[in-house]
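What follows is a short report on a single structure.
Because the structure is predicted, anything quoted here is derived from the model rather than measured. As the structure lists them, so they are numbered: ligands from 1, and atoms in each ligand from 1. Excluded from the calculations below are hydrogen atoms, water molecules and symmetry mates; all remaining heavy atoms, backbone and side chain alike, are included.
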Amino acid sequence: MKVVALAGGVGGAKLVHGLAALLAPGELSIIVNTGDDFEYCGLRISPDLDTVCYTLAGLANPETGWGQHDESWTVLEAIKNLGGPDWFRLGDKDLATHLVRTDQLAKGLPLSAITQGLCRQWGVEHPVFPMSDDPVRTIVHTADHGSLGFQQYFVQHACQPVVRSFEFAGADQSAPPPGALEQINEADLVIFTPSNPWVSIDPILAVPGYRNALENKVVIAVSPLVQGQALKGPAAKMYRELGIQPGASAVANHYLDLLTGFVFDQQDEEELEKIQRWRIIPLLTNIIMKDEQDRVRFAEEVLNFGESVLDRSH
Ligand code: FO1
């Protein structure tokens, strides 16, 4: 079965890791959010691309989900001693990624080609695509801190500002990178991984071309919320601030027109009836991936569910 996974940060990367353990490189490709990208210390940072690739390469820091494990912070300390910025923590090995990416971008390589090259060096065999080679930047419009770049909101303000709306600056002028739409057209199944719908999956869907490529595909989304709480990050807080009760059905409703199936947690059974009313095929299970083998356990359940949804859709 050929699968395309759309992913953002840590939650999405965990399911991608499980899927990659079960599917060959020719059966799984990943399209990653780049709305979180920004310039810092003169370097181009692509956090979600790095989180997905580090996770697939076994290099990710398991505590934070971002950056690399066994990291050292020599350069960051030296930057701080020079009065430079240290609010966004760059480890020494992580810094190498940003230096190489920035150097290759300056030489005119597209982000998708740079990503392929880095994946080759990291031994990541599953194809990883940035959602676009063009710049798309998530802007968070807040009630009390004006308009913030994503990392200003997420790191500098620690997700505290009250969100009013999101903007994906540059999306209208952007396009999928070479090969990404073909992956979707050839896919049997598309999975929206348990990433933040507002700032991880929506930026990808805002790039012209993806929505209509998804129209005649079987799409399954996985809830990033359990009992109205995000397993990690500000997704539930964002829903509340936007006047929407956070929960599995809110996430299913978020993607409604695109979904064939929806995977959510058995603790949220009370939302089953509402979700079925939307004629979405449900899978209720334990969606919490507490360790590496749990990622594979859950990925296997999602793939089996995908097979059953495919059988029912033909
Ligand atoms: N998140 C933080 O909360 N604090 C940091 O200092 C930080 C540094 C960092 C460095 C590299 C990287 O790839 C990600 C980093 N992140 C940090 C996480 C990042 O803000 C988020 O992973 C995404 O933007 C949202 O998923």
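Here the shortest heavy-atom pairing between Val207 and Ala175 reads CG1-C, 3.6 Å.
Checked for salt-bridge contact, Arg211 and Glu215 miss the test: no charged N lies under 4.0 Å from a carboxylate O. Ion pairing of Asp94 with Arg89 is absent here, as no side-chain N (NZ or NE/NH1/NH2) approaches a carboxylate O to less than 4.0 Å.
Residues Leu258 and Val4 share a single hydrophobic cluster, defined by chaining ILVMFWY side chains whose heavy atoms lie under 4.5 Å apart.
Contact annotation: the side chain of Leu6 never approaches that of Thr193 to less than 4.5 Å [non-hydrogen atoms, C-beta and beyond].
Using a heavy-atom distance under 4.0 Å as the criterion, the protein contacts of ligand 1 are Gly9, Asp36, Pro47, Asp48, Trp66, Trp87, Phe88, Arg89, Asp94, Phe150, Gln151, Phe154, Val155.
Side-chain N/O atoms of His98 and Tyr40 include no donor and acceptor closer than 3.5 Å.
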